[in-house]
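Here the structure is laid out as structure tokens; the discussion comes afterwards.
Each ligand, and each atom within it, is numbered from 1 in the order the structure gives.
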Amino acid sequence: MDKVSAEIDEQTDGLLCADVAIDAGSYAHGKSVYTYLVPPQIESRLGVGQLVWVPLRRNVGVGMVERLHRDPPTVPLKPLRSLVRPAYRLNDDEIDIARWIARETVSTLFAAASPFFPPGVEHASTEIYELVDPDSPAPEELTSGQHRVFELLRDRGALSRQQISRAMKSNPVASLRALEEAGIVERTLEVEDRQPGKRTERYVQLVTFDLEAVARSPRQRQALEWLEQRRKFLGTEGDVTAVRELTQQDGITAATVSALEAKGLIEVTEREAGEHPTPADAAPPPVLTSAQAAAWRFIEHALEEGTDQPILLYGVTGSGKTEMYLRAAGWCLRSGKSAIVLLPEIALATQIVRRFEERFPGQVAILHSAQSNSERFAAWSAIAQGERSIVIGPRSALFAPARNLGCIVIDEEQDPAYKQDSEPRYHSRRLAEFIARQRRLPLILGSATPAIETAYRATRGEIGRLDLPERVLFDAGGVDTVLDRSSSALPKVTIVDMRAEARETGSALISRTLRQAVHTSLERGEQSIVLLNRRGMSTIVLCRSCGRSVDCPHCDIPLVFHRDRDRLVCHRCNYQMPPVHVCTACGGTLDYFGAGTQRIEQEFNRLEPGARTLRIDRDSIKELGGFEKAIERVEHGEADIVVGTQVVAKGLDFPSVTTVGVVQADGALHLPDYRSAERTFQLVAQVAGRAGRRAAQGIVVVQSYTPDHYAITSAAAHSYEDFYADEIAFRRQFRYPPFSRLVRFLFRAASEQACRTEAEALALELAEHAASRNVEADLLGPAPAFAARIRGDYQWQVVLRAPVDSFDRLLDDLPARPGWLVDVDPSQMI
Ligand code: ADP
Ligand code: ZN
């Protein structure tokens, strides 16, 4: 055993070594895979993909075994410490995915693999001691203290140091160390068990519908009939019911259930209860419209065949995309497979989550960032153990340990939230496509306004495309399905030219058209949503005499006045100061200009004093108790006018909202980012698609200073096709994606000169790299970033642009100097 502890360098020939990906902390290309010796006592339990504890500087840290070998080492090696307990191993597919991510996103293998680790594994751990060979007798030479520890571990198995101390009524540090050094005791680290006490629920499933067998018991007969009815009504998805629901029926008791179970007519299983209890009146799956039926036939075929070409499901809001996801998930369940459904922002998608839980009670695992560690661990374990087969979550859900995956769905695939904004900077769509090809399964990309890249690939046949052109409308009772093929099913959009409005009325905040629309909705007892993508009260404070603005001392951008906090706030670094009224430069009087959501709220309070106005933005959300609560309040009709930032545009489906206003639709249009037109279009189109989803008499008012821009006009006309035609021409002409791929390099330093020097050096290296790979790349920059200063530091950037088909050649050994942030396929250029 001392082979592994003492002078190792001379005796390592032929010993097992492990290459371990560790958290090297540094960016890319820094060495992040290190070789360790494998202590003989764990050799047999160690495999590739295993999580292990390794010595890291003065600490221990988690690492993942990437390779096992017996290559003679060239430098002295340290032994790895132990396996992570409970033992966890990434499978070969997962390791392949991690390797792919590391290369694609220029990140370390550890960073790329870590999203697969069980939640909480990196931090909380306890030291555990156990005998290496519990069956061998106690060695003779032990001291009495060591002997007592030995016997304790032999009798009780693995124990934490705390448990040992408690049992021995002392802390046997020296004995433990001696036993460990002698190779008698093994010390490991165990991930703390985070599983909270499970709440379980009993479920019942009909096995045989045999009325003869219950002929003499009317209650059992009644129970069987109830179950059978439910199955008929709900189809296979209605098979499993909570026992609780059954016993709620008149006359049916727990005894009835046991009797049926004893006869083998039903099966009762105990499972972890759902986060939301199953409503008793789960809606049956609707009869598909003909367009839906055609789309479903295609998807079902792809599921059966394992067709891995992605499918773009292109359909307006309300056309039945979610119904297709539900059916795909149902197919997976019936086939003993699992499904992963990605949503851009789970907190804003309560309606979709509810529909999955209603259709598949007890089968849905929800993952999201707001979960506590133990909640996340519980969901993760339920997925890993196959207890829950439908995984719903944000981009990280792609890493869930789903068993026998059958399909992946990405809803609102155009959403920028699918790009991870810290290492590893992967895009969920690309990653999902890789996984789909690796496992031969369909990837469904749903959108009413697909990302330009996705639509472009669909036109080239790289992605399949299914259209759901019609909105499904309901009559008031929600029973009959009405299809409306004409555009009258979509709300009418009015563009207001705010230049003219300002000229004619001297005011450019809320136009007359928007006021009137909100007023009309109010009179009818309906709701309005008014959107402005900027928080605060006044967005700029200007001096009347010298014209200077009050700026953040660290970021050089104007401070925004927040009335609720009575503070001037920097929206980039959150620097705050009390409001000032005299210019520090010249002593002149300061004026407060520009509008944020607080100003709009104030304005509507003035215009409609009788109405209840609710502001939903980052400043108010805490007070409102979170998005879910805020949305509930709107749903329950507790607000007449909702004023908010873009968050209110997402995931909302309020039947009684009939007026939607966008205060400054072109706010983002002139930012130096090739995606600014796409973002603007997406925002306006999304909002326009929401208004009066069920009641087609909704009106949308779009206020703009550039009312003729194609991003505004095509969104107002509900025409994705028009927008696509203009936008793809722009991208082609200026060689932006999808006609090229970009890598954004960003550097931050306290001095501007340091940024410039670094950026120029990197640019040179990049140019040489491209030339050496024979790639016709070009560079945008080096130049100060759009956010030229942040928290006192300067920022410079270099963007590398290369043709799509040769881009891949650049990825290996892409130059990346220390301190640089590297973003492949950036979703933001500013
Ligand atoms: P999307 O995801 O495209 O917005 P949904 O799947 O949410 O569309 O469908 C919109 C609404 O119409 C939902 O309430 C859904 O239950 C309902 N619906 C969808 N298809 C049908 C259908 N064929 N018959 C009746 N109702 C339907
Ligand atoms: Zn600042």
Problem set entry | Step-by-step side chain to side chain donor-acceptor pair (under 3.5 Å) determination, S338 to S389 | CA-CA 4 Å; S338 59; S389 303; 5.8 Å; no
Exercise. Would Y426 and R430 satisfy side chain to side chain donor-acceptor pair (under 3.5 Å), going step by step from the backbone distance to the final call?
Worked result: CA-CA 8 Å; Y426 64 89; R430 277 188 92 81; over 6 Å; no
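By the criterion of a heavy-atom distance under 4.0 Å, neither the backbone nor the side chain of L468 is placed next to ligand 1. With a heavy-atom cut-off of 4.0 Å, L288 touches ligand 1 through its backbone alone.
Heavy-atom proximity to K321, at under 4.0 Å, picks out these atoms of ligand 1: 1 (P), 2 (O), 3 (O), 6 (O), 8 (O). Atoms of ligand 1 lying under 4.0 Å from at least one heavy atom of T289, given by number and element, are 23 (N). Atoms of ligand 1 found under 4.0 Å from any heavy atom of V316 (numbered from 1 in listed order, with element): 3 (O). Per-residue contacts place V287 under 4.0 angstrom from the following atoms of ligand 1 (heavy atoms of the residue considered): 22 (C), 23 (N), 24 (N).
The aromatic rings of Y736 and Y674 sit parallel, their planes meeting at an angle under 30°, below the 60° perpendicular limit. Using the six-membered ring where Trp is involved, F723 and F681 have ring planes that are parallel, under 30° apart on the 30 and 60° scheme.
Polar contact with ligand 1: present for G318 (N/O pair, distance under 3.5 Å). Annotation: T317 places no N or O atom under 3.5 Å from an N or O atom of ligand 1; distance criterion only.
Of the candidates I340, I435, I101, L367, F399 forms a side chain to side chain contact (heavy atoms under 4.5 Å, CB included) with just one, namely I101.
Nearest-residue assignment for atom 6 (O) of ligand 1 (options E323, E412, M324; heavy-atom criterion): E323. One option in G446, G320, S447 has a heavy atom closer to atom 8 (O) of ligand 1 than any other, and that option is G320.
Using a 4.0 Å heavy-atom cutoff, G315 is absent from the residues neighbouring ligand 1.
Side chain of E413 to main chain of A451: a donor-acceptor pair is present (N/O by atom type, distance under 3.5 Å, no hydrogens or angles). No donor-acceptor pair closer than 3.5 Å links the side chain of T454 to the backbone N or O of P450.
Taking every heavy atom of both residues into account, W296 and L303 meet most closely at CH2-CD1, 4.0 Å.
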